[in-house]
There are 2 protein chains.
Amino acid sequence: MGRFGKELIESMQQAAKHAAGRKVRGLRVSRVELPDVKAIRLSLRMSQHHFAAAYRIPLSTLKNWEQGRRMPDAPALAYLLAIKRRPKEIMEAVTRP
Amino acid sequence: MGRFGKELIESMQQAAKHAAGRKVRGLRVSRVELPDVKAIRLSLRMSQHHFAAAYRIPLSTLKNWEQGRRMPDAPALAYLLAIKRRPKEIMEAVTRP
DNA sequence: GGCACTATACGCCAATGGCGTCCGAAACTC
DNA sequence: GAGTTTCGGACGCCATTGGCGTATAGTGCC
């Protein structure tokens with residue numbers, strides 16, 4: 001199957017697990033609508049580092065979102081939705097000098 | 001000249017004034033880098049209401065930004081930059097069901 | 001005049017942004 | 001195997017913002 005295939009499958013499994021809710025110290029935390037930041041990032045096959053840099057989101061902020069410690073506020077949610085729908089265009093628009 | 005021409009000129013003047021800094025109770029507040037939220041919105045010829053709705057930004061937040069009371073945080077800045085560069089695509093991506 | 005729309009100004013509080021650090025897992029190099 | 005690098009989870013901390021509200025003022029339309 002190759003490394004990439006395996007990685008991709010793991011990514012999808014992680015994403016699915018993530019969408020379903022995370023376990024925090026034995027507690028299952030169900031999130032009403034945890035925006036699929038992680039799923040978006042994984043679908044683009046980027047590390048937190050690269051994703052954060054590409055979309056100009058502070059790494060710590062991205063981590064907070066993915067770990068469920070913080071909830072993206074309204075503008076951030078809109079931004080994430082836009083990224084989800086048009087990843088390339090937005091990356092271009094945001095990284096362009 | 002017509003109403004639209006007049007409005008457009010006023011818009012530009014406002015945007016310019018805005019970029020230069022606002023007067024607050026006699027104090028001139030110079031802003032290091034006030035992101036041109038208002039200029040972007042005016043260039044799209046939208047009211048605060050419409051702009052906020054179109055890009056899923058709470059009206060009060062947009063107001064705070066335009067009035068210089070609050071500074072958009074990093075993700076919001078990236079979002080605004082993206083809006084500036086690709087207004088239509090993003091509006092579509094964000095408003096689509 | 002009265003109505004609707006638009007935008008400025010600002011008080012308030014909980015919540016987040018943004019920084020930091022520490023730790024463990026996985027993968028590569030030597 | 002030991003060392004190194006990359007990746008990501010977990011969390012402490014505090015200033016700042018988001019998001020809500022209300023009040024005021026100017027404009028154009030009926």
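Per chain, numbering begins at 1; letters A, B, ... match sequence-line order.
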**Asked** How far apart are the closest heavy atoms of B:L59 and B:A52, and which atoms are they?
**Response** CA-CB, 4.0 Å
**Atom pair distance, as rounded to whole Å: CD in A:Q67 and P in C:dC22** = 17 Å
**Distance in angstrom units between A:M46 CE and D:dG8 P, rounded** = 11 Å
**Item:** Spacing between B:L62 atom CG and C:dA7 atom P, to the nearest angstrom
**Value:** 9 Å
**Request:** For the residue pair B:P75 and A:W65, establish whether any side-chain heavy-atom pair is separated by less than 4.5 Å.
**Result:** yes
**Complete:** In short, the helix from C:dG1-D:dC30 to C:dC30-D:dG1 is bent end to end, axes from five pairs each side, to 10°, by 50°
**Message:** Between A:K38 and D:dG9, is there a contact of a side-chain N or O with OP1 or OP2 at under 4.0 Å?
**Reply:** yes
**Message:** Measure CG/A:L77 against C1'/C:dG17 and give the value in whole Å, please.
**Reply:** 14 Å
**Message:** I'd like to check B:D73 versus A:D73 (side-chain heavy atoms, cut-off strictly below 4.5 Å). Are they in contact?
**Reply:** yes
**Item:** Cationic N near anionic O, under 4.0 Å, A:E66 to A:R41
**Value:** yes
**Request:** Using a 4.0 Å heavy-atom cut-off, write out nucleotides 14-20 of chain D from 5' to 3' as B (base contacted by protein), S (sugar-phosphate only) or - (no contact).
**Result:** ---BBBB
**Message:** According to side chain to side chain contact (heavy atoms under 4.5 Å, CB included), who are the partners of A:T95, at least two apart in sequence or on a separate chain?
**Reply:** A:M91
**Prompt:** Could you state the CG-C1' distance from A:L80 to C:dT16, rounded to the nearest angstrom?
**Reply:** 14 Å
**Message:** In whole Å, I'd like the distance from the NZ atom of B:K63 to the P atom of C:dG11.
**Reply:** 16 Å
**Request:** Compare side-chain N and O positions of B:Q48 against OP1 and OP2 of C:dC5 and report whether any pair is under 4.0 Å apart.
**Result:** no
**Message:** Using 0.5 Å steps for rounding, measure from the CD1 atom of B:I57 to the CG atom of B:L80.
**Reply:** 5.5 Å
**Message:** Is the shortest side-chain heavy-atom distance between B:I40 and B:Y55 below 4.5 Å?
**Reply:** no
**Item:** Length of the line joining B:F51:CZ and C:dT6:P, which is rounded to integer Å
**Value:** 15 Å
**Prompt:** Just wondering, do A:Y79 and A:V94 contact through their side chains at under 4.5 Å, heavy atoms?
**Reply:** yes
**Message:** One pair to check against side chain to side chain contact (heavy atoms under 4.5 Å, CB included): A:L81 and B:R56. What are the steps and the verdict?
**Reply:** CA-CA 10 Å; A:L81 183 58; B:R56 297 208 178 184; 4.0 Å; yes
**Message:** Using whole Å, what does the distance between atom P of nucleotide C:dG17 and atom CD of A:E66 come to?
**Reply:** 13 Å
